[in-house]
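Order of the sequence lines sets the chain letters (A, B, ...), proteins ahead of strands, with each chain counted from 1.
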Amino acid sequence: MNDTLLSDPAVIAVVVLGAVSVGSGIAVFVVDSMARATFALLVSFLAIAGVLLALDLVYLAVVTALMMTIEMAIMAVFMIMFMMNPAGLMPMTMVHNGRGSAAVGFVAFVALTVGIWTTDWPSRRGQPPADTTRQLGEAIMGSHMLVMLVVGIGLFATILSGTILATGRGRYDRFGADLRATRPDDPTPGGLPR
Amino acid sequence: MWGLWTAVGLVVAAGLGLGLVFAAADRVALTGAGPKALVEPVRSALRSLLEQRRTTLAPDRLLWRTACAAVPVLALLSMAVVPVGDRTLLSTSADLVWFNAMEALLWAAVWLIGWGPNAVHSLVGGYRFLAQGVAYELPLMFAIITAGLGAGSLRTTDVVAAQSDLWFVVTMPVAFVVFLGSAAAFAFWGPFAAPAGADIAGGVLSELSGVERLLVEAGRVVLLGASAAMAAALFLGGGSGPWLPDPVWQLLKTLLVTAVLVGVGRRLPVLRPDRAVELAWMVLVPATLLQALVVALLVLAGAYG
Amino acid sequence: MDLTGRIRRWALGRPRVLVIDAPGGERFRWQLEDELDRRHWPLALSPADTDLALVLGRPGAQLAAAIELLWSQVPQPRHRQDIAADGDLPAQLDAASVALVDAANRTEPVQPGAQTQLGNLGPEPDDVDDEHAGHSGHEGHHMHHGGDVAGLAMADTAPDRDGLTLDVLRVALGPVLPGWPTGLVLTGSMQGDVLTGVELAWVDGSDDPNHGVLQATPQAVAMDQLARILLVAGWPTAAAAARRARRDLSGSHPQRAAQTQRAAARVASRVRGSRALRWSVQGIGSTDRGMTPAGSAHAAGDVWGGVRHWCDVAAGGEPVPVAGSPRSLTEASILLEGSELAAARLVVATMDLERPATRVETESTGV
Amino acid sequence: MIAVLALFTMASALVVAGYGASLALSRARRPLEVLPFESGSLPQQHAVSRYHARWYAVTVLFLAFDMEMIFMYPWAVVVADLGASAVIEMFGFLAVLFVGVVYVWREGALRWT
């Protein structure tokens with residue numbers, strides 16, 4: 001590794017955090033409790049955020065921590081809503097088809113590792129900009145605008161389809177077949193009159 | 001090296017001091033006692049240290065204790081980007097996101113405090129916190145982004161510097177109010193205290209005693225104090241002001257924000273999360289978006305220099 | 001006195017108090033709360049938060065068992081004291097405070113672990129003759145389908161109102177909860193935070209002949225109810241104001257009557273005028289699902305209607321009758337069926353339940 | 001980065017110091033083992049069971065909307081440089097998402113079930 005690129009503490013941090021990430025990733029499948037599995041996964045993601053921080057990609061690091069925490073908390077809600085014995089009070093196993101999944105996992109790991117070490121990575125040209133966040137903003141709003149627009153439509157579709165799939169009641173249940181009711185008929189009233 | 005540790009010590013001391021001030025102000029508002037209430041947070045802290053810790057039947061001890069410790073640590077970490085004097089401990093191109101992320105990590109910590117002790121009231125409290133998170137996270141983000149938008153930078157010191165002509169609160173009143181309200185929501189304090197409500201016997205706090213209760217309570221007030229200081233920096237021009245030196249102005253503004261937050265917050269009943277969700281999405285989100293739009297147009301018009 | 005002793009004394013100078021009152025001693029509880037407010041001794045919300053446990057009146061067998069359990073949940077340093085109605089209240093509190101500091105200076109013997117307590121305190125449902133297997137119920141031979149873990153059963157499953165079959169948790173609310181009617185116990189099942197299968201009952205009454213007579217004006221009683229609602233609704237400053245007004249209303253100062261009335265009216269109008277409270281509680285526990293027209297003579301039978309009713313009475317005005325507010329436990333439990341926990345707490349705090357006048361003490365629970 | 005590490009270390013040291021002070025000041029060294037508080041009744045079942053959060057429909061909306069934040073933070077930095085087009089694009093994007101919010105609201109998914 002080129003030591004002009006990464007100062008020593010950064011390399012140490014990447015190695016340690018990488019190990020933490022892998023270790024807690026394994027823990028996801030070892031622990032009994034849904035809460036522990038979820039938050040082991042969160043620890044794994046936070047370690048990745050730490051790696052990004054060590055690489056001086058502050059915005060990506062912080063936004064990874066932010067998004068992943070929120071997402072894992074919401075995942076915990078669903079895990080604990082639907083999985084049996086969510087606290088793992090009774091011994092149970094978190095994996096199904098252990099042999100098959102181990103094989104798939106191993107093959108994927110080998111493929112990725114071989115890929116990483118055999119690829120002829122380009123060497124860095126120039127220096128990273130002082131403000132990586134600005135660079136990201138310019139990229140998003142400039143050359144990658146199309147990506148953002150597609151993502152926007154995709155998110156819109158996600159909101160609609162997700163809501164339709166997740167809710168058992170819709171506007172016809174609330175306002176009547178002709179949508180004429182002045183007040184919705186809901187089990188729990190909300191903060192607004194309609 | 002010593003310079004670094006001095007700076008870190010200063011930031012931690014500032015965080016604890018702001019927390020203490022907030023706790024004292026809160027106590028004054030709650031009991032109506034005079035300035036003597038200022039020592040009450042210290043007394044409470046000492047009482048907690050004297051008290052025995054508790055554990056329940058079949059708790060998730062690891063997650064529970066980690067989460068209790070995480071609350072004050074996250075609150076202090078959020079101080080890294082709050083200006084103390086005229087500089088911040090961490091000055092990067094994403095300071096504001098850092099502050100936001102520390103609050104986001106509370107999602108996990110507070111829910112786990114509710115989950116840990118295997119007790120009904122505590123569990124309900126943890127879920128109420130997540131429901132509040134779903135309601136207030138986006139308005140908070142929009143409020144923070146609006147401040148960054150006005151300054152054209154996510155660096156706290158740049159945001160402060162950008163207000164040399166005009167304080168942001170003048171053009172961003174909605175963002176200012178929403179920022180403070182959402183910060184109170186993430187510290188589940190005042191009108192947002194449903195996760196620790198009296199109707200569920202203290203909710204997430206209901207099984208905590210001794211040092212663990214102290215850690216969580218201290219984390220809450222430090223977070224609130226840090227938010228008050230951050231609000232002063234992002235919207236009230238930080239240390240700028242006539243006659244007095246900058247740090248004094250900064251302190252005065254922070255104290256003012258604290259006083260207003262406590263005064264208003266304690267005048268309101270709990271806003272129940274099942275109603276707040278709808279209000280947040282249909283009123284706060286559009287309001288903060290419009291606020292951001294107005295600020296964006298002002299930026300285009302060159303209003304911020 | 002040594003330094004640590006002094007620190008202890010100072011730190012425990014404002015102990016947190018868990019008030020446990022046996023039915024029939026409401027008026028006395030008011031006096032105690034007033035004295036606590038005067039001393040700035042905060043009320044504890046749960047045993048974890050407690051330094052002093054103060055027991056008012058003479059609890060019957062059921063309440064005594066509850067107190068025993070609660071006491072086992074209070075961390076050291078702690079002190080429990082029975083407060084007598086005929087004694088000097090400030091002196092009793094001073095004594096309790098001193099006893100607490102004494103307790104802090106010595107170590108209590110280690111109490112048995114939670115699982116053992118479960119075995120000792122718990123009613124052994126089916127297997128009492130089963131050589132007390134409850135002490136270590138790992139064998140899973142209890143009636144619950146999932147078997148026991150650490151002596152406690154796993155939750156059952158049942159369909160919920162979204163049509164999903166999820167866990168239902170047996171829960172109990174009361175007799176000791178902040179803002180909860182004295183001596184009421186709610187048992188039911190919870191899915192998420194929705195209560196189903198609600199049953200309400202009164203715990204056994206006090207056997208103290210001095211208790212049971214509530215000599216207070218309707219105005220003061222309404223103010224007390226308001227204080228309770230405000231505590232449950234999460235508005236501690238207004239609840240404290242209501243307690244102060246209650247104290248003045250129940251005090252006998254004829255020369256300050258007008259002033260007292262004005263203060264009471266002020267508290268009531270502050271609560272009535274609160275848009276935030278109205279927004280937060282309107283429509284909860286509605287007896288007619290919000291169909292009451294706006295200009296109706298009756299207040300809507302929801303929590304907000306109840307709050308307005310109590311405000312009117314507390315201000316000394318003519319109360320608007322509340323449509324269909326439950327008076328009996330059966331009516332109340334029907335109203336609570338399927339409500340969310342927070343909503344149920346508000347509904348219970350607002351209700352004016354009729355307690356049987358004579359003390360409820362069946363033969364079997366006699367002391 | 002080093003500063004963050006130092007701050008984290010000091011904050012953690014404070015937590016440890018809190019535990020140390022508790023150990024020194026409190027008479028009872030071992031935590032009290034109790035049954036979970038159930039307002040004076042014995043718990044009958046473990047509370048940590050499958051919990052039906054009744055606002056799950058909102059989380060779908062939240063997660064989708066939240067994703068957009070990844071764009072909006074960097075966008076805030078470059079508005080002044082890129083001019084009107086950046087503002088139009090971002091608020092067009094947000095408007096589309098907000099139409100989604102209004103739809104969700106009309107379907108009643110913002111209310112707890």
Side-chain angles (χ1 to χ4, degrees), chain B residues 4-5 7-9 11-12 49-58 60 69 72-73 76-77 80 89-90 94 96-97 115 117-123 127 130-131 134 137-138 141 145 148-149 152-154 201 206-207 210-211 214-215 274 277-278 281-282 285-286 289 293 296-297 299-300, chain D residues 2-4 6-12 14-15 18-19 21-22 24-28 30-39 43 46-48 51 53-55 58-59 61-62 65-66 69 72-73 75-81 83-84 86-87 90-91 94 98 101-102 104-105 110-112:
Chain B
L4 175 69
W5 285 107
V8 169
V11 166
V12 168
L49 287 176
L50 288 180
E51 200 177 39
Q52 189 181 18
R53 295 163 54 220
R54 286 162 103 246
T55 175
T56 55
L57 187 74
D60 196 330
V73 170
L76 286 174
L77 281 179
L89 182 67
L90 183 70
L96 301 188
V97 197
W115 169 263
N118 190 5
V120 164
H121 289 118
S122 168
L123 189 68
Y127 277 92
L130 290 189
V134 167
E137 182 72 50
L138 282 172
M141 283 181 173
I145 284 173
L149 180 62
S153 166
L154 300 179
S206 64
E207 298 290 344
V211 63
L214 173 64
L215 289 175
D274 54 347
V277 169
E278 199 173 52
W281 279 93
M282 294 312 297
V285 166
L289 279 178
L293 179 61
L297 295 177
V299 167
L300 291 185
Chain D
I2 299 289
V4 171
L7 184 60
F8 180 78
T9 312
M10 197 176 261
S12 310
L14 266 182
V15 170
Y19 272 93
S22 163
L25 285 170
S26 149
R27 283 266 161 169
R30 288 169 50 83
L32 180 69
E33 238 188 82
V34 297
L35 291 168
F37 172 61
E38 235 185 275
S39 44
H46 286 285
V48 282
Y51 187 96
R54 292 170 310 110
W55 35 268
V58 191
T59 59
L61 171 65
F62 178 83
F65 214 104
D66 195 39
M69 286 297 138
M72 207 167 168
Y73 270 115
W75 165 83
V77 180
V78 295
V79 168
D81 298 343
V87 175
M90 178 52 79
F91 281 93
L94 285 167
F98 198 72
V101 177
V102 173
V104 169
W105 171 58
L110 291 181
R111 298 199 168 177
W112 294 20

Contact origin within V4(D) toward chain B - heavy atom pairs under 4.5 Å: both
Heavy-atom side-chain proximity of F8(D) to L76(B) below 4.5 angstrom: no
For the backbone of A47(D) and the side chain of N118(B), can you confirm whether one donor and one acceptor N or O come within less than 3.5 Å of each other? yes
Does the side chain of W281(B) come within less than 4.5 Å of V104(D)'s, by heavy atoms? no
Residue L94(D) versus chain B: region with a heavy atom under 4.5 Å: side chain
At what distance, to the nearest 0.5 angstrom, does CZ of F98(D) lie from CG of L289(B)? 7.0 Å
With a 4.5 angstrom heavy-atom cut-off, could you sort out which part of R54(D) is near chain B: side chain, backbone, both or neither? neither
Here the gap from T56(B) atom OG1 to L32(D) atom CG, rounded to the nearest 0.5 Å, amounts to 10.5 Å
Rounded to the nearest 0.5 Å, how far apart are OG1 of T9(D) and CH2 of W5(B)? 5.0 Å
Student check: side-chain heavy atoms of V101(D) and V285(B) closer than 4.5 Å: no
Within the structure provided, determine whether L293(B) and V87(D) are in side-chain contact (heavy-atom separation under 4.5 Å). yes
Student check: side-chain heavy atoms of L138(B) and F62(D) closer than 4.5 Å: yes
Nearest 0.5 Å, what's the CE-CD1 distance between M72(D) and I145(B)? 5.0 Å
With side chains defined as the heavy atoms from C-beta onward, is the minimum distance between M282(B) and V102(D) less than 4.5 Å? yes
For E33(D), salt bridge (charged side-chain N to carboxylate O under 4.0 Å, His left out) partners two or more places apart: none
Among V11(B), L57(B), D60(B), the residue with the most heavy-atom pairs under 4.5 Å to chain D is L57(B)
Tell me whether the count of non-hydrogen atoms from other residues, nucleotides or ligands lying under 6.0 Å of CZ in F91(D) goes above 12. yes
Would you please name every residue forming a side-chain contact (heavy atoms from CB on, under 4.5 Å) with P43(D), sequence neighbours left out? L152(C), L35(D), P36(D), E38(D)
Less than 4.5 Å apart, side chain to side chain, heavy atoms only: is that true for S22(D) and L49(B)? yes
Which one of L96(B), V277(B), V8(B) has the most heavy-atom pairs closer than 4.5 Å to chain D? V8(B)
Whatever's closer than 4.5 Å to a heavy atom in chain D on A80(B) counts as both
Between the CG atom in L14(D) and the CG atom in L215(B), the distance rounded to the nearest 0.5 Å is 9.5 Å
Determine whether F37(D) and V120(B) satisfy the following criterion, side-chain contact (heavy atoms from CB on, under 4.5 Å), listing intermediate values before the conclusion. CA-CA 8 Å; F37(D) 172 61; V120(B) 164; over 6 Å; no
Rounded to the nearest 0.5 Å, what's the gap from OH on Y19(D) to CZ on R53(B)? Could you check? 5.0 Å
Pick whichever of L154(B), T55(B), V97(B) has the most heavy-atom pairs under 4.5 Å with chain D. T55(B)
Using 30° and 60° as the class limits, which term best fits the ring planes of Y51(D) and Y127(B): parallel, tilted or perpendicular? parallel
